Novice: 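Structure incoming, see below.
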Amino acid sequence: MASSGVRNGVGPRMSAKPDRGQGFSATPKTAAGKQRLSSAAAGGAYRRTSSGPLPSRAASDGVSSRVRVAVRLRPRNAEELAADADFGDCVELQPELKRLKLRKNNWESETYEFDEVLTEFSSQKRVYEVVAKPVVESVMEGYNGTVMAYGQTGTGKTFTLGRLGEEDTAARGIMVRAMEDILADITPGTDSVSVSYLQLYMEMIQDLLDPVNDNIAIVEDPRTGDVSLPGATVVEVRDQKSFVDLLRVGEAHRVAANTKLNTESSRSHAILMVNVRRSVKGRTEMDVSISGENGHSSSMMGSLRPPIVRKSKLVVVDLAGSERIDKSGSEGHTLEEAKSINLSLSALGKCINALAESSPHVPVRDSKLTRLLKDSFGGTARTSLVVTIGPSPRHRGETTSTIMFGQRAMKVENMVKLKEEFDYKSLCRRLDIELDKLVAENERQRKFFDDEVERIRAEAQCRIAESERECKITLENEKMKYHQEYLDSIRIMEEKWKVHQQSPKKQNKEAESTSNDTGEVHNLLQNEKMLRQSAEDEASDLKNQVSHWKKLEATATAEVVKLRKMLDAEASQKEKLEEEIDVLRSQLLQMSMEADETRRSLDKGDGPGKIFPGLDSLVSQTRGSQPREQSNGPKQPIAKLFEQVGLKKILSLLESEEPDVRVHAVKVVANLAAEEANQEKIVEAGGLTSLLTLLRSSEDETIRRVAAGAIANLAMNETNQDLIMDQGGVTLLSMTASDAEDPQTLRMVAGAIANLCGNDKLQTRLRGEGGIKALLGMVRCGHPDVLAQVARGIANFAKCESRAATQGNKVGKSLLIDDGSLPWIVKNANNEAAPIRRHIELALCHLAQHEVNAKDIINEGALWELVRISRDCSREDIRKLAYRTVTSSPTLQAEIRRLGIKM
């Protein structure tokens, strides 16, 4: 869809004048209003949904909030300016009074009041501020919100909501402006924003970001009644550019058609879901203290409050326009689309009527649209509705219907509730960090204690060794000194004794001298005794010192023993602390598991599983660069994908042990195989062998479906068909057809076999390996898409047999008839689905061209269908072929004459 074009008939004049008036009168847009909303939330006025009890605040039943409705008038387009030049507008706006007058004729009109009246000159910024901005502000505060556009086709719904504004920033729609405000208000690192983009087409929910995912189931929580889409692609958004790229990819895949009322009319309801996850600051405490007594005991005391997160969701719904068939000129498939759109809008209108009238029963299950919008009308979301109308008096009836829809919607009351829950995972991470710190601190203190004990022990041993060494040296010195003095005294006495013996004559003379000497010796002996006693006393003192040091050593040893006991006590205390930590960790783990189970039971659709960013981003870029079939822009060459990743790298990922990696890799190969220029490269690189191996070995339904689709793409090439047959591909496809139950898998398998049925040279081998029986076996599914592929395969096979017979080859009775396909062909020859009926009619005509099949055709009642086809078939070429076949067969002509049928 070209961003510069005019969508739904809304031209550039929509932003020609400045805005007037104010926003919704009851919506708190000012600072005081925000303060009232915040204070009400803080006081417990809004009920909070959480995965665990909130002890600090009491829950309530929520606050009533009426659906806010604004009406927007589209300016006249070129066609209306020419056709209605002589007529005035059917509506008159009074924006100052927030009123609208609907003229019945020139003198009579009816007046309606809305929350806001937007003229044809209101800018996109003005529309966003009065319609969507209050809802976006509520979403950022933790409430669900919905913004929806309703109106006749061509009145500007998609222009109001989904305009990208790439060429003119003032033309940006509500989706782009809402995401700008959300990204500006979040905190990177703690908050996150993710989006899903879907379309409801023909009562099937399809993923606009992954078109292969074309039938998403709705899951409803049996306890709370909340609706979720777990199969939808969820992409995290970090900046505005990536979000705009996602919108561009989604718009490229959205279904549109050209009608009389709108050249590019949306044929589906587009739904943008924005999930916002915000952490609430200042709402959590964790006080963990460790107290000790005498250094021998410690205990953990504290109160834990997990952090609180707010999970809110913004839903922007671009409804397909209601239309009258006689005015839009829809026919064929477009007519079926219009019927589906009108049925879903009718179901929505019934629900609005029931809610407005307070009916005890609201028929929300009549349509998937009403189930998806269950929370928006009568639920817990803050809802704003913008109804778009046109000025032309030719569409007064549709304008009246749209205005009455808005009037009824204004009577619907919602109970707005705050979406908060405990973040147990964050608490567990914080406690793990604190536990690691405590363990590290304990280990550090223990190491310091061990080092201190070793230091004291080494110091005591050094002091004891030094004392012993000094004492030993002192004792040895004193001993040697006294021993030397004793020897000297003995020697002197001996010398005197010898002198006394040599001079006896002098004894008398020297008697007195001898007695003096004896007294002197006696004195010397006394002195010697005293010195010896002194030495002994000193030795005793030294012994006492040694004993004292030994006592000190014993005291040190006792201190070491005491320290060892303290160390053992600390070790025992540490073990108790670690046991307490393990118990606390297990309790927290159990709390986290219970919280996760509760959260999954409440919000089964909030976690999309794992997204493989590398491959998905490349697939998104490749698909995003290819515009819709209605646009004329050039396609980006697939070589860009080869340059970025490389085919061998992609094929190697098919053998990855990660299931998600294999799924995304086979999706990329399937997308590449859809381009004829890439098929030869894929086969040369071994891609066909890898796909067949994956089909043989994988039990994943998604992998088998996408692999079969890729094989079907490759089977469009005649050379590849021979390779598929040589590698046993038909046998693998037959086995897959017998095991699979998923309609989409069976459709892919049937498509692959149908492509092989178009090869003249493979007829016998295809039948011999069970290809025809596999095709007929898949009719058990009953799905129209599967039956269409089966019918196409039978038509291709019958065409090849007819061509062989025409070329003069000797051909027996049809192999299709031998395998029992004729009864099914006759039964479905007048099928309601046009693709099935067209292929069956072709197959029946080709079978009847061979005269040897005429008897079986008559016996099975196929002749009547041939006559009907020759008369009533909508396609002229098939009608002529049937007539030529019947008139050229003698056997069939004879039976027609016998039955009296007029041709």
Side-chain angles (χ1 to χ4, degrees), residues 52 55 284-307 422-476 538-596:
T284 179
E285 295 180 2
M286 184 175 69
D287 180 18
V288 180
S289 61
I290 301 178
S291 61
E293 181 179 356
N294 295 328
H296 298 290
S297 65
S298 64
S299 63
M300 178 175 291
M301 299 181 296
S303 62
L304 304 177
R305 293 183 181 178
F422 286 137
D423 190 1
Y424 287 103
K425 291 184 178 179
S426 175
L427 177 62
C428 288
R429 289 194 297 269
R430 293 173 54 192
L431 288 178
D432 285 339
I433 294 173
E434 291 296 327
L435 291 176
D436 291 340
K437 290 181 179 179
L438 290 175
V439 171
E441 179 65 20
N442 187 40
E443 291 179 352
R444 187 187 64 79
Q445 292 181 358
R446 180 173 180 177
K447 186 177 183 302
F448 175 77
F449 181 77
D450 292 343
D451 294 342
E452 189 68 18
V453 170
E454 289 296 329
R455 186 187 64 79
I456 294 174
R457 180 183 299 168
E459 183 179 352
Q461 289 178 353
C462 289
R463 293 177 63 183
I464 291 172
E466 182 67 20
S467 298
E468 289 180 348
R469 186 177 61 82
E470 291 179 355
C471 182
K472 185 177 180 181
I473 293 173
T474 303
L475 288 175
E476 289 293 332
E538 189 172 355
S540 177
D541 291 339
L542 292 174
K543 288 182 179 179
N544 290 334
Q545 291 182 10
V546 171
S547 176
H548 176 68
W549 286 112
K550 288 184 177 180
K551 288 181 179 179
L552 289 177
E553 182 182 5
T555 303
T557 304
E559 185 70 20
V560 170
V561 172
K562 183 178 179 181
L563 292 175
R564 284 185 178 276
K565 291 182 179 179
M566 291 173 59
L567 182 61
D568 294 338
E570 287 293 333
S572 176
Q573 189 64 28
K574 179 186 176 182
E575 291 178 358
K576 292 181 180 179
L577 179 61
E578 289 177 348
E579 290 177 358
E580 292 178 4
I581 290 173
D582 292 338
V583 171
L584 181 58
R585 190 190 299 272
S586 63
Q587 291 177 355
L588 289 175
L589 179 60
Q590 182 178 1
M591 292 170 65
S592 179
M593 293 173 62
E594 293 174 355
D596 289 340

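None of the values given here were measured: they were computed from a predicted structure.
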Novice: For the side chain of T474 and the backbone of E470, is there at least one donor-acceptor N/O pair under 3.5 Å apart?
Specialist: yes

Novice: Side chain to side chain contact (heavy atoms under 4.5 Å, CB included) for K472 and E468? Distances and angles first, verdict last.
Specialist: CA-CA 6 Å; K472 185 177 180 181; E468 289 180 348; over 6 Å; no

Novice: Identify every side-chain donor-acceptor pair in residues 448-459 under 3.5 Å, counting partners at least two apart or on other chains, and give the distances.
Specialist:
unit_1, atom_1, unit_2, atom_2, d
D451, OD2, K447, NZ, 3.3
E452, OE2, R455, NE, 3.4
E452, OE2, R455, NH2, 2.4
E454, OE2, R457, NH1, 3.4
R455, NH1, E459, OE1, 3.3

Novice: Got a sec, which residues hit salt bridge (charged side-chain N to carboxylate O under 4.0 Å, His left out) with R564, two or more places apart in sequence or on another chain?
Specialist: none

Novice: For D568, check salt bridge (charged side-chain N to carboxylate O under 4.0 Å, His left out) against everything at least two apart and list the hits.
Specialist: none

Novice: Not counting sequence neighbours, list each pair that qualifies as a salt bridge (charged side-chain N to carboxylate O under 4.0 Å, His left out) and has a residue in residues 548-561.
Specialist: none

Novice: Taking only residues two or more places apart in sequence, or in another chain, which ones meet E466 in a salt bridge (charged side-chain N to carboxylate O under 4.0 Å, His left out)?
Specialist: R469

Novice: Atom OG1 in T557, atom CG in L552: separation rounded to 0.5 Å?
Specialist: 10.5 Å

Novice: Taking the side chain as C-beta and beyond, is there a heavy-atom pair between M566 and L563 under 4.5 Å?
Specialist: yes

Novice: Closest heavy-atom contact between C471 and L542?
Specialist: SG-O, 3.8 Å

Novice: So, using side chain to side chain donor-acceptor pair (under 3.5 Å) as the criterion, who are the partners of N544 when residues are at least two apart?
Specialist: none

